[in-house]
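Structure below; questions to follow.
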There are 2 protein chains.
Amino acid sequence: MAEARWLTDDEQRTWRSFLIASRLLFDRLEKELKQNSNLSFATYEILARLSESPGRSMRMADLAAACVFDRSRLSHAIDRLVRSGWVRRVPSTSDARGQLAELTDEGARQVRESAPGHVELVRSLLFDRLSREQQESLREVSTVLATGVLDPARLDRMGWPAATPRPDPPSARG
Amino acid sequence: MAEARWLTDDEQRTWRSFLIASRLLFDRLEKELKQNSNLSFATYEILARLSESPGRSMRMADLAAACVFDRSRLSHAIDRLVRSGWVRRVPSTSDARGQLAELTDEGARQVRESAPGHVELVRSLLFDRLSREQQESLREVSTVLATGVLDPARLDRMGWPAATPRPDPPSARG
DNA sequence: CATCAGGTGCTGAAATTTCAACTACTCGTC
DNA sequence: GACGAGTAGTTGAAATTTCAGCACCTGATG
């Protein structure tokens, strides 16, 4: 290795700003959820993802990918959710290794209850304050970051949401 | 409360993209530090901040604010760093309640050793991939996020770095 | 069919973070 | 100089996350 490529002052400022801002934001969301629903952000995300999924259930690995958790972390988190009665484990019928995490009615109720406050806060801290151009920039930058870490194929497999609406209907393929 | 203000599809995609992207990025940095220097990101930040501070030391509260940690978390983290021999606790002379966390020589060596790899990764995942305009957008958006959570005065007190270079030299004030 | 690389999910222990007090000190006021 | 509110930092226990390793299943290959 020759000379380390340091950050310019400008880059340094940008990086620190991003770091601080995202942490402040996530902390704030965490606090709101804890306060109003006694949920951690991580827990909320799991419940939210499940609630949006067909059959209110997902394969463990898919859920982990969607939430950007490693498998162990998800497994422990699901343990706790099962103990709370909000999630049920169901063995996969198509793959004997697989488990589905399935939202219970109680779990679904919990999401419905906590979602509005959470969404309202995201809106008020983020979208109400960003112009349309800034929102586009944010998505653009996020895409750059994500593809910097994972290739597009992997992102796609984990349900990467940044894509603009499909250019062709799926049936028109091939 | 009347009707909850939900997110549009577009906003939903932007939000999820941001969430996933930042998590992927931070996870990656965490992994790199763990792998190459056996440091957590949190630990690295503490050491880095101290190393940049005059006298290689900071008041606990200031350090906590700079790293966006709560005081308890920082206190525990510093405990560990003291046990590692990388940081020393020094009572503040001006305020008998206060403590300084001060980097030891060993600690300084540790930062010097781990910084290049870390910076290189930030550069390659972020700055090498963003145009100048995108970098500006990122800073702009970060500022919006941060001021959405904290007022500018508080940000300033915690060493918010997003400011463009001061319009006047400090001595020209008043 | 047997093998084997790779994928899935779980587990227990260790490390870290969160949470709710608690002590000690400062500052402004009386 | 004593009071009381507010600040600085620590502490211990509980909750969560990380880490390494395990057991099991699948799918490809021979």
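Worth knowing before you read on, the calculation uses all heavy atoms, side chains too, and leaves out hydrogens, waters and symmetry mates. Note that the structure is predicted; figures quoted are calculated from it, not measured.
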Using nucleotides 1-3 of chain C, report all nitrogen or oxygen pairs with the protein that are shorter than 3.5 Å.
none

- Message: Regarding A/E140 and B/Q134, do their side chains bring together a donor and an acceptor under 3.5 Å, going by distance alone?
- Response: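 Yes, side-chain donor-acceptor contact under 3.5 Å.
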- Query: Do the side chain of B/S114 and the main chain of B/Q110 share a donor and acceptor less than 3.5 angstrom apart?
  - Reply: yes
- Would you kindly give the CG-to-P distance between B/L33 and D/dC19, to the nearest whole Å? 12 Å
- Query: Quick one: what's the B/S/- string for nucleotides 6-18 of chain C, heavy-atom cutoff under 4.0 Å, read 5' to 3'?
  - Reply: BBBBBBBB--SBB
- Between A/P161 and B/R13 the two heavy atoms that sit nearest each other are O-CD, 2.5 Å
- Task: Would you check, one step at a time, whether the test side chain to side chain contact (heavy atoms under 4.5 Å, CB included) holds for A/H118 with A/L39?
- Result: CA-CA 11 Å; A/H118 175 71; A/L39 252 43; over 6 Å; no
- Message: Among B/Q135, B/R123, B/R139, exactly one meets side chain to side chain donor-acceptor pair (under 3.5 Å) together with A/E11. Which residue is that?
- Response: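 Exactly one pass, corresponding to B/R123.
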- Between the main-chain N or O of B/F41 and the side-chain N or O of B/E30, is there a donor-acceptor pair closer than 3.5 Å? yes
- Query: With no hydrogens and no angle check, do the side chains of A/R88 and A/T104 hold a donor and an acceptor under 3.5 Å apart?
  - Reply: no
- Message: Tell me the interatomic distance from B/R83, atom CZ, to D/dT10, atom C1', rounded to whole angstroms.
- Response: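 Rounding to the nearest Å, CZ of B/R83 and C1' of D/dT10 are 13 Å apart.
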- Task: Measure up the B/F18 and A/F18 rings against each other and bin them: parallel (under 30°), tilted (30 to 60°), perpendicular (over 60°).
- Result: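 Perpendicular: the ring planes of B/F18 and A/F18 meet at over 60°.
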